[in-house]
Participant: 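I am attaching a structure below and will ask some questions about it afterwards.
Computation of the quantities below employed the complete heavy-atom set of this structure, encompassing side-chain atoms and omitting hydrogens, waters and symmetry-equivalent molecules. If you're wondering where the values come from, they're calculated on a predicted model, not measured in any experiment. First the proteins, then the strands, lettered A, B, ... as listed; each starts at 1.
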Amino acid sequence: MPELLEIEYYRRAAGAGLDREIAKVVADDHHFLKNGTTPEAVKAALGGARFTTARRVGKVLYLDTDHGEVLSLRFGMTGRLIVDDSAVIDRLEYSPRRDEPKWDRFLVRFADGGSMRVQDPRRLGGVELDPDESVLGPDAWEIDAPMLTNVIGTSVTAIKTRIMDQSRLAGIGNLLADDGLWRSGIAPTRAANSLSAAEVADLALALHETLRQLFERGGSHMGDTQEERHKDGVCPRDGASLQRTKVGGRTSYWCPIHQV
DNA sequence: CTCGACTCCTGTTAGC
DNA sequence: TGCTAACAGGAGTCGA
């Protein structure tokens, strides 16, 4: 599913949609417009405008316009950004691979005939005009031990839940969290404030490396444990049967031997 | 403020 | 073969 890495691919793809006059906006799915954003407002804001910058914080893509408004795109679990009908990602975990027009939830057509659209079969993503950008924590791409220490604070909640809290650390989703925890040998269920300073440093480094390696491999679904995310999955490191546990409402796969 | 539980959303798939 | 129920997880809301 789209996590920080996928949104970064989308951000780069959005570069092809910059500085092109917007001729038409199709935003008829009210459910996909968030926080009071209306189709009329989006059309008024974008009509005749151009996107000037594509920025990313965590899993959110921000498109600035030359009229001053900012458009935010969230991709939920199955959302893709498609510019000029070429999808930068054709294989999205847990999402169908087809390009069905009925899954287009938001579309911008440029005056030159091209387009940029968000395709999201499950409609868990969303579009918002002039969003509050302060609701997100620091971007996880730059994570290091001091940042992770701040993220953890004194919280007693499960460490996995904490690093997935977008208001404290932006960009980590279920797959990146599981892979980082697996690499650092820390159980997802551990109370966040029970990690030693050394463990916090290990986890920060593991997440840092996970982000960079999986970006090179092609996405958050390219983790070392991905192929074992099923019943009967085994740990690639020591062969133990992986535990399947709900943590913070998310399915977590982890090794009961080396993750403690 | 913190944190867990619940809910929404819909295509795919396991299982009968 | 065809159907149903479970499943996937990002994110918002609510209540203790």
Participant: Which part of the nucleic acid does A/K34 contact within heavy-atom distance under 4.0 Å: base, sugar-phosphate only, or nothing?
Facilitator: nothing
Participant: Which nucleotide in the list B/dC9, B/dC3, C/dA11 gets nearest to the side chain of A/S155?
Facilitator: B/dC3
Participant: Of all the nucleotides listed (B/dT2, C/dA8, B/dC9), which has the minimum atom distance to the side chain of A/R122?
Facilitator: C/dA8
Participant: Between C/dA8, B/dG11, C/dA11, which nucleotide gets closest to the side-chain atoms of A/K59?
Facilitator: C/dA11
Participant: Can you check whether any acceptor in the base of C/dA8 is under 3.5 Å from a donor in the side chain of A/R250, or vice versa?
Facilitator: no
Participant: In whole Å, I'd like the distance from the CG atom of A/L169 to the P atom of C/dA11.
Facilitator: 12 Å
Participant: Counting only side-chain heavy atoms from C-beta out, which of C/dA11, C/dA8, B/dC3 sits nearest to A/T251?
Facilitator: C/dA8
Participant: Which one, C/dG10, B/dC3, C/dC7, comes nearest to the side chain of A/R244?
Facilitator: C/dC7
Participant: Could you pull out all donor-acceptor pairs under 3.5 Å where a side-chain atom in residues 233-242 of chain A meets a protein atom, sequence neighbours excluded?
Facilitator:
{"unit_1": "A/D238", "atom_1": "OD1", "unit_2": "A/A240", "atom_2": "N", "d": "3.2"}
{"unit_1": "A/D238", "atom_1": "OD2", "unit_2": "A/H258", "atom_2": "ND1", "d": "3.3"}

Participant: For the pair made of CG in A/D165 and P in B/dT2, what is the distance, rounded to whole Å?
Facilitator: 9 Å
Participant: From C/dA8, B/dG11, C/dG12, pick the nucleotide closest to the side chain of A/M77?
Facilitator: C/dA8
Participant: Looking at B/dT10, I'd like to know if its phosphate oxygens (OP1 or OP2) sit under 4.0 Å from a side-chain N or O belonging to A/W103.
Facilitator: no
Participant: Using atom NZ of A/K231 as one end and atom C1' of B/dG15 as the other, report the distance to the nearest whole Å.
Facilitator: 12 Å
Participant: I want to verify a distance call: between C/dG10, B/dG11, B/dC3, whose nearest atom is closest to the A/T157 side chain?
Facilitator: B/dC3
Participant: Does B/dC9 have its OP1 or OP2 closer than 4.0 Å to a side-chain nitrogen or oxygen of A/T78?
Facilitator: no
Participant: Determine whether the aromatic ring centres of A/Y10 and A/F75 lie less than 6.0 Å apart.
Facilitator: yes
Participant: Hydrogens and angles aside, do A/S184 and A/E199 bring a side-chain donor and acceptor to less than 3.5 Å of each other?
Facilitator: no
Participant: A/K160 has an atom NZ; how far is it from atom P of B/dG4, in whole Å?
Facilitator: 13 Å
Participant: Does the side chain of A/T78 pick up a donor-acceptor pair with the side chain of A/D120 at under 3.5 Å?
Facilitator: yes
Participant: Just wondering, are more than 12 heavy atoms of other shown residues or ligands nearer than 6.0 Å to CD in A/E227?
Facilitator: no
Participant: Starting at CZ of A/F32 and ending at C1' of B/dC8, how long is that distance when rounded to a whole Å?
Facilitator: 14 Å
Participant: Give one of base, sugar-phosphate or nothing for A/R123, where a contact means two heavy atoms less than 4.0 Å apart.
Facilitator: sugar-phosphate
Participant: Just how far, in rounded Å, is P of C/dA11 from CZ of A/F75?
Facilitator: 11 Å
Participant: Judged by each residue's nearest nucleotide on DNA chain C, which is more toward the 5′ side, A/N35 or A/E3?
Facilitator: A/E3
Participant: Side chains of A/K246 and A/S252: do they bring a donor and an acceptor to under 3.5 Å?
Facilitator: no
Participant: A/E100 CD to B/dT10 C1': how many Å, rounded?
Facilitator: 13 Å
Participant: Consider the side chain of A/Q166, meaning its heavy atoms from C-beta on, and name the nucleotide among B/dG11, C/dC7, C/dA11 that approaches it most closely.
Facilitator: C/dA11
Participant: Starting at atom NZ of A/K246, determine the distance to atom C1' of C/dA8, rounded to an integer number of angstrom.
Facilitator: 8 Å
Participant: Considering heavy-atom distances to DNA chain B, does A/T161 or A/K102 have its closest nucleotide positioned more toward the 5' end?
Facilitator: A/T161
